[in-house]
Amino acid sequence: MKYIYFLFFFSICNLAYGQVSITGKVQSKDKSVLSGASLRLYQDTLVKFSTSSTQGGSFNFAAVQPGRYKLVISFNGFQARDTTFDISSDMEMEFTLTPKTIQLDSITIKAKQNFLEKKVDRIVYNIDGLSIYANKSVGDILKSIPRLNVTRSAIEIRGSGPAAVMIDDRLIYLSSRDLLEYLNIFKNDIASIEIITNPPAKYDAQGSGLINIVTKKKKSYGLFGYVESSITKNTYWENDETLNLGFRNKNFSLVTSLGGSLGAYQETTTASTSFASPDQTDWADYAKNRNKFNNERFNLVAEWLLSKKTKLYSSYSLTRLNSNDAQNHTLNYFNNGAQDSTGLTKGISKSNGLTNIFNIGLNSAFGKKNNSLDASLDYVNKTSDLSTNSGTVNYSNDLVTPTNTSYVLSNSGNIPKDVLSSKIDLSFPKLFKAINFETGVKYSLFNNHSQTDYDELLNGVSVYDGVATKDTFQYKEQDIAGYISLDADFKKWSFKTGLRYEETITNGSSTAQQHQATFGDFFPSSFLQYKIANGTSTDISYSRRIARPTLFDVNPFKFFTSIYSDYVGNPYLSPSLQDNFNFNFTLKSSYIFSLFYNVVHSPIVSLPFNTEKDFIETRKENNGRLNNYGFNFDMSLNLKSWWQSSFSASAASYRYFSSYNYSLDGAPWNITLSTRQSLQISPTFSSDLNFSATLPGGGFNISTQKGYSSLDLGLTKSLLKNRLILTVSGQDILRSSSQKTITTTPDFQAISSNYYDFRQVAITLRYKFGKELKVVRKKSNPQELNRLR
């Protein structure tokens with residue numbers, strides 16, 4: 001590595017006398033920077049140099065011989081531009097590109113973009129305008145992105161692991177259902193999904209990878225908005241309503257949305273455990289639960305243009321999540337392979353949560369070289385009341401004769417959370433001639449003060465008689481970070497390096513124990529890219545990451561999942577470090593081949609234990625080492641002017657080295673395939689089909705999994721001069737998206753499967769009003785991210 005750094009800085013010092021440089025910036029008419037624009041420098045008819053604009057929109061041609069040249073600039077969705085000039089000394093230029101648009105009754109139709117784009121540090125999936133994504137929940141949209149794996153508890157990048165999520169470069173401090181419900185505020189305004197598998201030093205070191213959801217940027221003056229209604233049928237009915245209103249003039253904009261969803265879905269699960277000892281009772285739990293929900297959401301976003309170079313922005317969001325789940329379980333007991341009795345469970349599980357998110361920020365440019373300052377403050381307040389009450393009565397196999405054994409299980413808690421985060425980023429393009437410089441600092445504070453209680457009654461008598469089952473858990477975490485980053489372009493080479501330092505200070509206490517810890521480390525990153533030709537390049541990168549435990553991970557309180565299983569956190573967990581290596585080859589901006597390898601040191605894993613009799617307890621631990629490796633292949637083609645096709649394949653394997661004697665047959669391979677076909681049947685009618693499949697045999701940590709797949713179809717029809725949009729979509733048409741995992745230990749084997757009513761049909765009507773002058777894709781300058789919470 002030291003030789004790469006030496007050659008990099010040596011090349012700066014050896015720019016020959018007599019050679020000049022051409023620097024500049026590419027932007028759109030609304031002053032948004034255009035990153036990834038193609039620039040080719042011709043002399044006569046030969047291409048002498050080629051490059052792409054950086055994330056800040058800047059470009060640089062170094063070591064150019066004086067003479068007469070022609071510069072051609074192009075970017076997807078924009079009209080190409082060229083200029084001819086003579087150069088004898090260093091020059092700085094600025095170019096503004098005009099969107100390719102078609103004006104139709106005051107509504108602008110954007111030129112179609114490629115579904116897949118490969119940039120220096122990320123892969124971009126452009127979903128705007130595709131009917132299969134229209135009006136779907138954000139969770140369903142993310143599931144259809146080839147590189148992502150989405151469950152109800154995590155969002156993962158295949159080959160990288162759990163990812164942090166942001167909206168327009170702003171961190172979202174939520175996880176699982178809370179995160180997905182909050183993201184639904186933006187479901188009709190998503191332009192693209194950006195996947196950053198190996199983040200540079202500018203980003204927060206937390207998480208294996210980053211996901212940036214880029215929303216559409218609308219330039220509409222006066223009053224504008226839309227009203228939308230959607231009805232969905234799975235086992236039950238669901239309804240979702242949204243009202244969006246906005247007002248904008250030259251220097252101020254205010255956009256608000258109000259929405260809610262009401263309905264239910266069926267959760268079908270199976271969990272069974274077979275013990276190695278014949279003295280223990282095997283059991284299998286079958287459940288068909290009806291989960292009812294009533295959710296509300298509100299969002300308010302304001303922007304003030306204080307001057308041509310300074311913008312102040314602020315947003316407030318509120319989400320209220322209420323659920324009432326009716327439990328209906330059948331629990332079968334087995335001795336020596338024969339069923340000897342059955343337990344019937346009835347119960348209610350309730351959850352009431354309220355989340356407030358506030359953000360304020362300032363973005364300002366200064367100096368002659370477009371230096372920039374970006375400062376922001378985020379605050380999240382979340383309250384959550386949980387309660388579960390269920391009763392299980394055991395019968396003989398005839399389901400009539402009682403065995404005089406009954407269980408009553410209760411679990412309740414209040415789990416509030418406060419998160420305060422502030423950061424400042426400074427960017428200095430061409431601070432050292434051809435070198436861009438960035439730096440920034442960040443401070444985050446997490447507070448938790450939860451109260452929980454549990455109890456289990458056996459034939460009316462508490463099994464915890466004399467043992468305290470109430471607990472108060474207090475947890476405080478402070479994260480302090482700072483970074484520097486350098487990048488430059490030299491002819492066909494691009495180089496970027498950076499260093500970040502983060503320190504974490506934690507204090508936790510519960511009724512039974514206390515814990516304090518301090519952890520600090522450096523996180524380097526390096527990137528090297530070679531541009532072979534226009535749209536064809538190869539790059540290699542390295543970065544170090546960190547995975548901190550979540551608040552749920554460190555809470556030492558029991559959370560029962562059944563009368564025979566529970567989960568308990570671990571306040572003594574420490575962060576785990578991860579070294580990531582990536583290699584990418586991009587061909588003609590249509591094919592991407594990627595190799596990855598990463599090592600996780602002392603990973604935070606969930607491990608099951610047979611703690612007593614027939615009971616299984618799952619605990620979080622720092623244990624062992626995890627090696628991940630594999631490849632990804634992505635392809636996106638315009639087969640016809642009306643037919644866009646994409647295909648993705650991934651093969652990944654891992655080796656988990658644990659101090660426990662878990663049974664893993666070799667190195668499991670996770671193989672996934674997906675394809676998307678988009679057809680523009682007429683100017684007002686389009687269809688999209690998406691199919692994805694995960695083959696059997698893969699797994700994670702100590703579990704293996706069976707295969708599953710999903711087939712989705714979307715149809716969109718525009719009416720009333722594109723003001724009324726009708727969408728009909730079907731999800732998981734073949735009802736094949738059911739996951740099954742197997743965990744084998746020396747003491748037992750556990751098998752679980754689930755199906756969450758994924759097969760459904762949805763009909764959505766959306767009516768737009770106001771004068772939309774134009775719609776263009778919003779370009780983003782990546783900011784820091786933090787972990788899913």
Side-chain angles (χ1 to χ4, degrees), residues 151-154 173-182 261-262 264-265 267 269 271 285 287 289-297 318-329 345-356 380-392 407-419 446-457 462 464 468-475 508 510-512 549-571 606 617-620 754 756 788-789:
T151 67
R152 290 181 178 266
S153 59
Y173 293 91
L174 298 173
S175 64
S176 63
R177 286 182 61 183
D178 294 325
L179 174 67
L180 294 175
E181 184 65 26
Y182 169 75
S261 56
L262 175 68
Y265 64 92
E267 175 188 14
T269 64
D285 187 1
N289 303 328
R290 178 177 179 176
N291 300 335
K292 298 173 62 177
F293 59 86
N294 183 1
N295 303 330
E296 301 165 354
R297 54 187 181 269
L318 179 148
T319 56
R320 186 188 301 273
L321 310 177
N322 299 317
S323 64
N324 189 319
D325 304 338
Q327 300 180 2
N328 184 10
H329 294 246
T345 301
K346 300 289 184 180
I348 294 293
S349 179
K350 297 181 179 180
S351 174
N352 298 297
L354 183 66
T355 301
N356 293 274
V380 177
N381 172 261
K382 175 188 173 184
T383 59
S384 182
D385 293 310
L386 312 171
S387 66
T388 300
N389 291 278
S390 64
T392 302
Y407 303 87
V408 175
L409 181 65
S410 64
N411 222 149
S412 63
N414 176 263
I415 309 176
K417 177 176 66 177
D418 289 286
V419 182
F446 298 82
N447 268 315
N448 171 261
H449 183 85
S450 62
Q451 295 179 330
T452 49
D453 187 15
Y454 66 92
D455 201 358
E456 183 179 358
L457 305 180
S462 174
Y464 302 103
T469 62
K470 294 182 182 293
D471 193 18
T472 299
F473 178 59
Q474 297 181 358
Y475 183 80
S510 67
T511 303
T550 68
L551 297 178
F552 189 73
D553 292 338
V554 297
N555 192 334
F557 200 67
K558 292 181 183 292
F559 291 88
F560 281 85
T561 54
S562 76
I563 61 174
Y564 285 118
S565 59
D566 71 13
Y567 168 90
V568 61
N570 180 2
S606 297
E617 182 170 87
T618 301
R619 298 198 296 262
K620 290 282 188 176
N754 61 70
Y756 291 100
L788 287 171
R789 286 279 182 171

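Taking CD of E296 as the start and CG of L354 as the end, the distance is 9.5 Å to the nearest 0.5 Å. Annotation: the span from D325 atom CG to K292 atom NZ amounts to 10.5 Å, rounded to 0.5 Å. Going from atom OH of Y564 over to atom OG1 of T392 covers 9.0 Å, rounded to the nearest 0.5 Å. The line from OH of Y407 to CD1 of I563 is 5.5 Å long, rounded to the nearest 0.5 Å. Between atom NZ of residue K417 and atom CG of residue N447 there is a gap of 12.0 Å, rounded to the nearest 0.5 Å. Note that CG of N411 is 9.0 Å distant from CG of D566, once rounded to the nearest 0.5 Å.
A pairwise comparison of heavy atoms in T345 and S390 identifies CG2-CB, 4.1 Å as the closest pair. The shortest heavy-atom contact between A264 and F293 is N-CE2, 3.7 Å.
Using the six-membered ring where Trp is involved, Y567 and F559 have ring planes that are tilted, between 30° and 60° apart.
Distance alone, capped at 3.5 Å, is enough to place a donor-acceptor pair between the N570 side chain and the K620 backbone.
By the 4.5 Å heavy-atom criterion applied to side chains, N389 and I348 are not counted as neighbours. For the pair N448 and I415, the minimum side-chain heavy-atom distance is below 4.5 Å. Put simply, the side chain of T388 does not reach to within 4.5 Å of the side chain of F560, judged on heavy atoms.
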### Task
Go through the steps to decide whether L386 and S384 satisfy the test side chain to side chain contact (heavy atoms under 4.5 Å, CB included), and finish with yes or no.
CA-CA 6 Å; L386 312 171; S384 182; 3.5 Å; yes

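Side-chain polar atoms of S412 and S387 form no donor-acceptor pair below 3.5 angstrom.
No option in T452, D453, D455 other than D453 meets the side chain to side chain contact (heavy atoms under 4.5 Å, CB included) test with K470.
Residue pairs satisfying the salt bridge (Lys or Arg N to Asp or Glu O under 4.0 Å) criterion with at least one member in residues 346-355, sequence neighbours excluded, are absent.
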